[in-house]
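The structure under discussion appears below in the form of structure tokens.
These values consider heavy atoms only, across backbone and side chains, with no hydrogens, waters or symmetry-generated copies. Computed from a prediction, not measured in an experiment: that's the story for all the values here. Index from 1, following the sequence.
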Amino acid sequence: MSSLTGRREARERAVHLLYEAGQRDADADALLAEQVLDPDPFTVEVIRGVLGAGDDLDALIGRLRAHYPDMSRFTVVSMTGRGRDFLHH
């Protein structure tokens with residue numbers, strides 16, 4: 001497996017774990033500790049980076065919302081898919 005594929009998969013896993021934490025209203029650290037297999041270190045780095053930049057990400061989404069007035073119509077799954085697409089670039 002190339003390191004690019006590994007990093008892509010690590011980002012996808014981070015999105016899935018962040019989504020699960022949000023759905024369960026669970027602490028991300030607790031969710032990471034529950035995993036049968038330890039997540040890839042890059043997955044953990046992405047999760048901690050997203051959680052650490054939450055206010056900045058919320059502000060960015062708020063600014064972009066003006067360009068996408070129908071954003072409120074996206075389902076959570078659609079938003080997650082868009083986040084996954086963002087993480088691929």
- Query: Within a reach of under 6.0 Å around CG of Asp58, are more than 12 heavy atoms found that belong to other residues, nucleotides or ligands?
  - Reply: yes
- Query: Picking from Asp40, Thr43, Leu18, what satisfies side chain to side chain contact (heavy atoms under 4.5 Å, CB included) with Arg13?
  - Reply: Thr43
- Item | Approximate separation, where rounding is to 0.5 Å, of Asp27 CG and Leu51 CG | 8.5 Å
- Among Leu31, Leu32, Ile47, which one satisfies side chain to side chain contact (heavy atoms under 4.5 Å, CB included) with Pro39? Leu32
- Message: Let me confirm one number: the CD-CD distance from Glu34 to Glu20, rounded to the nearest 0.5 Å.
- Response: 7.5 Å
